[in-house]
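Computed over heavy atoms, backbone and side chain alike; hydrogens, waters and symmetry mates excluded. These numbers were taken from a predicted model, which means no experiment stands behind them.
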Amino acid sequence: MGFAEAELTHDAFLGGRVSAWQPRHGYRAATDPVLLAAVVEATPGQSVLELGCGAGVASLCLSARVPGLTLTGVERQSEYADLARRNLGPNARIVTADLTDLPANLKQDSFDHVIANPPYYPAGGGTSARDAGREAALREETPLEMWVEVAARRLAPKGWLTMIQAADRLPDMLASMAPRLGSITLRPLAAREGRAAGRVLVKARKGGRAPFTLLPPLVLHSGPDHREDGDDFTPLARSILRDAAPLPWV
């Protein structure tokens with residue numbers, strides 16, 4: 001059973017360039033899918049698979065920046081998959097399935113890019129979210145290694161996997177990528193100057209042989225703390241989150 005209209009909000013992203021229907025209560029996209037989309041170096045005509053696409057915000061933001069992409073999303077929660085279909089319309093194929101049990105026709109496809117924002121919190125421990133959809137989006141049930149394995153299988157030769165993840169899951173992510181992907185590049189995301197990174201953006205290439213590269217962190221907010229109403233994004237973060245600029249990856 002899907003969401004009723006009264007249970008939804010229509011939210012703007014990229015400074016109003018795109019908008020998406022989201023549940024009023026449940027998992028709601030914020031900056032993470034926008035940042036994920038900003039680092040995908042796709043070109044018109046390429047194919048993109050988003051694993052765990054939710055309401056489709058990352059794919060929506062990517063398609064706003066790069067026209068002419070062939071988009072596919074996989075989402076196991078049917079009500080969120082329905083929202084992704086509504087948000088992306090005929091511009092994407094949305095498959096309701098668990099990434100560990102993809103339909104046979106999807107297993108025959110390969111993609112230039114696979115993108116994903118897997119759950120940040122490992123299974124067990126911690127406080128569960130009161131909303132089941134939010135809990136499913138944030139608390140891991142499928143191991144992170146399986147996300148990487150499925151992504152690597154679906155990538156075309158020389159294709160790119162791009163992921164955003166909590167910084168404390170980085171060792172697991174790199175260990176999962178090492179036997180399957182190469183040319184791994186990492187950009188930490190820090191809330192403010194001088195703070196430890198809370199999240200990381202990671203890219204890896206199927207068949208890549210370039211050495212591991214650690215890029216400078218992207219600092220999201222100006223100043224030592226939040227002191228007034230409204231956002232306080234740094235100029236670079238604002239250009240990405242509001243102006244749809246790509247995040248430099250060199």
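For the pair R187 (side chain) and L218 (backbone), a donor-acceptor distance under 3.5 Å is absent. Counting only distance, with no hydrogens or angles, the side chain of R195 and the backbone of P224 share a donor-acceptor pair below 3.5 Å. In this structure, R192 contributes its side chain and S222 its backbone to a donor-acceptor pair below 3.5 Å. Of the possible donor and acceptor atoms, none in the side chain of R154 sits under 3.5 Å from a partner among the backbone N and O of V114. Checking side-chain atoms of R86 against main-chain N and O of W21 turns up no donor-acceptor pair under 3.5 Å. Between the N87 side chain and the A55 main chain, a donor and an acceptor come within less than 3.5 Å of each other. S59 places no side-chain N or O within 3.5 Å of a backbone atom of G56 that could act as its donor or acceptor partner. Proximity of a side-chain donor or acceptor of R65 to a complementary backbone N or O of A37 within less than 3.5 Å is detected. Without hydrogens or angle criteria, T234 side chain to V219 main chain gives a donor-acceptor distance under 3.5 Å.
Contact check for C53 versus Y80: no side-chain heavy atoms found under the 4.5 Å cut-off. Within the 4.5 Å cutoff, the side chain of V74 has heavy atoms near those of the L49 side chain. In this structure the side chain of V95 reaches within 4.5 angstrom of the side chain of P103, judged on heavy atoms. No side-chain heavy atom of T72 sits less than 4.5 Å from a side-chain heavy atom of S47. Proximity of V66 to P44: side-chain heavy atoms (C-beta onward) are separated by under 4.5 Å at one or more points. In this structure, the side chains of N117 and M163 stay at 4.5 Å or more apart for every pair of heavy atoms. In this structure, L186 and L201 have side chains that are not in contact, with every pair of non-hydrogen atoms separated by 4.5 Å or more. Put simply, the side chain of P211 does not reach to within 4.5 Å of the side chain of I184, judged on heavy atoms.
Within a 6.0 Å radius of CD in E7, more than 12 heavy atoms belonging to other residues, nucleotides or ligands are found. Crowding of R153 atom CZ: a count of heavy atoms from other residues, nucleotides or ligands under 6.0 Å not exceeding 12.
Applying the salt bridge (charged side-chain N to carboxylate O under 4.0 Å, His left out) test to every pair with at least one member in residues 112-122, sequence neighbours left out, gives no pairs at all. The salt bridge (charged side-chain N to carboxylate O under 4.0 Å, His left out) analysis of residues 202-217, with sequence neighbours excluded, yields the pairs E41-K203. Applying the salt bridge (charged side-chain N to carboxylate O under 4.0 Å, His left out) test to pairs two or more places apart or on separate chains, those with a residue in residues 236-245 are D231-R238, D231-R242. For residues 45-56, there are no salt bridge (charged side-chain N to carboxylate O under 4.0 Å, His left out) pairs, not counting sequence neighbours.
Taking the salt bridge (Lys or Arg N to Asp or Glu O under 4.0 Å) definition, one finds that R24 meets it with nothing, sequence neighbours left out. With sequence neighbours excluded, the residues that form a side chain to side chain contact (heavy atoms under 4.5 Å, CB included) with A156 are S110. Residues satisfying the salt bridge (Lys or Arg N to Asp or Glu O under 4.0 Å) test with R180, not counting sequence neighbours, are E145, E149. With sequence neighbours excluded, the residues forming a salt bridge (Lys or Arg N to Asp or Glu O under 4.0 Å) with D225 are R227, listed by chain and number. Residues that satisfy the ring-ring contact (aromatic ring centres under 6.0 Å, His included) test with F111, not counting sequence neighbours, are absent from this structure. D168 meets the side chain to side chain contact (heavy atoms under 4.5 Å, CB included) test with A166; sequence neighbours excluded. Looking at residues two or more places apart in sequence or on another chain, you find a side chain to side chain contact (heavy atoms under 4.5 Å, CB included) between S19 and H10. Applying the side chain to side chain contact (heavy atoms under 4.5 Å, CB included) criterion to D101, with sequence neighbours excluded, gives no partner residue.
In terms of hydrophobic clustering, with Ile, Leu, Val, Met, Phe, Trp and Tyr side chains grouped at heavy-atom distances under 4.5 Å, L60 and L71 are assigned to a common cluster.
A side-chain N or O of H113 and one of Q46 form a donor-acceptor pair less than 3.5 Å apart.
Classification of E75 and R93 as a salt-bridged pair fails, no side-chain N sitting under 4.0 Å from a carboxylate O.
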